[in-house]
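Residue numbers start at 1 and run along the sequence shown. FYI, side chains are in, hydrogens and waters are out, and symmetry mates aren't considered; it's all heavy atoms of this structure.
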Amino acid sequence: LATQVMSRLRRTFGVEMPLRDLFETPALADFAARIETALRAGTGSTAPPLVPVPREGPLPLSFAQQRLWFLYRLEPESSAFHLGRAVRLTGALLPGALAAGLGEIVRRHEVLRTRYRESADGPVQIVDPAAPFPLPVIDLGGLPECVRERELHRLADREEARPFDLTRSWPLRARLVRLAWDEHAILFTLHHIAGDGWSMGLLTREVGVLYARSAGEAAGSAPALPEPPVQYGDYAVWQRGWLSGERLATQLDWWRE
């Protein structure tokens, strides 16, 4: 939440402030005074605008991705950076519409269809063309209810622990579990190199909107979702260009000290 506050502060006032300012000034008036001081001192953000970049070849990794790539290469079988979420679905379900909605999400967000590899210039990300998203179905409807729940938890744990091959496959996978004709669960697993807990909330909300449209429930309504103005690869290029030179040296010196 604090990160979201500072992000909105940067966007609204064009001022770059350390995160600790928010915690050191819990009273809103005191925090506002720090913002005023930063504005008068001219310590506003001098970052260039974040804009789409041409897709003429592999893109660099952001610094956060590079850290996670290093840890993945160190322990490729580890599930320490897997984010799992099980979403209950109640009522009649059209699996084909759900798969179509997931395919649209992956089309919208390049980072969900990105693979990673080493190059002479360091690790790079390879964005694959949009394609249908696989949604395997596991049917537990024939089991007693108490056994179904236990098996569902076992499947969720197994899915979250299953390794990703980030060089060959996408960093998101899903399985649909049928518990009864009108009850399902969808098991998502996302590698942290492609998102975080905030991302998982966005993912599940978009699933709801896009499934409804795919199933025909929102026909004739307003456009489903606006296209993202930039992709994560654009951010990685922006971050590499901005956090360099003296600005990067200042950050590194702080950690060395």
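- The shortest side-chain heavy-atom distance between D128 and E110 does not fall under the 4.5 Å cut-off.
- Side-chain contact between T114 and I126 is absent, with no heavy atoms from C-beta onward closer than 4.5 Å.
- Between the side chain of R113 and the backbone N or O of R107, at least one donor-acceptor pair lies under 3.5 Å.
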Between M200 and L203, does a side chain to side chain contact (heavy atoms under 4.5 Å, CB included) hold up when you go through it step by step? CA-CA 5 Å; M200 291 297 276; L203 173 66; 4.2 Å; yes
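- Of all the heavy atoms in W238 and P49, the pair that sits closest is CD1-O, 3.5 Å.
- Looking at Q231 and P228, their side chains come closer than 4.5 Å, going by heavy atoms from C-beta outward.
- Residue pairs meeting the ring-ring contact (aromatic ring centres under 6.0 Å, His included) criterion with at least one member in residues 131-171, sequence neighbours excluded: H82-F164, F164-H191.
- For the atom pair CG (L93) and NE2 (H184), the distance works out to 5.0 Å, reported to the nearest 0.5 Å.
- With hydrophobic clusters built from ILVMFWY side chains whose heavy atoms lie under 4.5 angstrom apart, L248 does not share a cluster with W254.
- Shown here for A174 and P136, the closest heavy-atom pair between the two residues is O-CD, 3.4 Å.
- Going from atom CZ of R154 over to atom CD of E149 covers 14.0 Å, rounded to the nearest 0.5 Å.
- When the side chain to side chain donor-acceptor pair (under 3.5 Å) test is applied to S79, no partner is found at least two apart in sequence or on another chain.
- With hydrogens and angles left out, the side-chain atoms of D253 and T250 include no donor and acceptor closer than 3.5 Å.
- Between L83 and G197 the shortest heavy-atom distance is CD1-N, 4.0 Å.
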Quick one: do Q125 and R115 satisfy side chain to side chain contact (heavy atoms under 4.5 Å, CB included)? Show the steps, please. CA-CA 6 Å; Q125 46 183 318; R115 295 176 293 109; over 6 Å; no
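- Both L210 and I186 are assigned to one and the same hydrophobic cluster, defined by single-linkage of ILVMFWY side chains at heavy-atom distances under 4.5 Å.
- Here the side chains of R162 and T189 are not in contact, with every heavy-atom distance at 4.5 Å or above.
- Rounding to the nearest 0.5 Å places CD of Q65 at 9.5 Å from CG of L59.
- L39 and V5 fall within a single hydrophobic cluster, where Ile, Leu, Val, Met, Phe, Trp and Tyr side chains are chained together by heavy-atom contacts under 4.5 Å.
- Between the side chain of S78 and the main chain of A80, a donor-acceptor pair closer than 3.5 Å is present.
- At distances below 3.5 Å, at least one donor-acceptor pair connects side-chain atoms of R108 with backbone N or O atoms of P226.
- With a 6.0 Å radius and a threshold of 12 heavy atoms from other residues, nucleotides or ligands, F63 has its CZ atom above the threshold.
- When side chains are defined from C-beta on, T204 counts as touching R85, because their heavy atoms get closer than 4.5 Å.
- For residues 83-129, there are no ring-ring contact (aromatic ring centres under 6.0 Å, His included) pairs, not counting sequence neighbours.
- For the pairing with L176, the side chain to side chain contact (heavy atoms under 4.5 Å, CB included) check across L135, L187, L102 returns one residue only, L135.
- Interatomic distance, D21 CG to M6 CE, rounded to the nearest 0.5 Å: 6.0 Å.
- When side chains are defined from C-beta on, L9 counts as touching F31, because their heavy atoms get closer than 4.5 Å.
- The shortest heavy-atom contact between A100 and S214 is CB-OG, 3.9 Å.
- With respect to I138, the side chain to side chain contact (heavy atoms under 4.5 Å, CB included) criterion is satisfied by exactly one of R175, E151, R178: R175.
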Run R55 and D234 through salt bridge (Lys or Arg N to Asp or Glu O under 4.0 Å) and show every step you take. CA-CA 9 Å; R55 297 299 192 265; D234 301 316; 2.7 Å; yes
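- Under a cut-off of 6.0 angstrom, the local environment of CD in Q4 is crowded, with over 12 non-hydrogen atoms contributed by other residues, nucleotides or ligands.
- With hydrogens and angles ignored, the 3.5 Å screen pairs a side-chain donor or acceptor of S199 with a backbone N or O of D196.
- Taking both residues in full, the closest heavy atoms of Y211 and A92 are given as OH-O, 4.1 Å, listed atom of the first, atom of the second, then distance.
- When atom types are taken as modelled, the side chain of Y72 and the backbone of L166 share a donor-acceptor pair closer than 3.5 angstrom.
- Using a 4.5 Å heavy-atom cutoff, the side chains of R40 and T37 are in contact.
- Counting heavy atoms from C-beta outward, W69 and L61 have side chains that approach closer than 4.5 Å.
- Here the closest non-hydrogen pair linking P60 and V237 is CD-CG2, 3.7 Å.
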Chi angles and distances behind the side chain to side chain contact (heavy atoms under 4.5 Å, CB included) call for L155, L140: CA-CA 11 Å; L155 287 171; L140 303 180; 4.0 Å; yes
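- For the atom pair CZ of R10 and CD of E16, the computed distance is 4.5 Å after rounding to the nearest 0.5 Å.
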Side chain to side chain contact (heavy atoms under 4.5 Å, CB included) assessment of V207 paired with I105: CA-CA 7 Å; V207 167; I105 288 172; 3.5 Å; yes
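- There is a side-chain donor-acceptor pair under 3.5 Å between Q66 and R240.
- Hydrophobic cluster membership differs between V127 and L172, with clusters built from Ile, Leu, Val, Met, Phe, Trp and Tyr side chains linked at under 4.5 angstrom.
- Under the 4.5 Å side-chain heavy-atom criterion for ILVMFWY residues, a single connected hydrophobic cluster contains both F23 and V15.
- Distance check, rounded to the nearest 0.5 Å: CD of E160 to CZ of R173 gives 9.5 Å.
- Residues T167 and D165 bring a donor and an acceptor atom of their side chains to less than 3.5 Å of each other.
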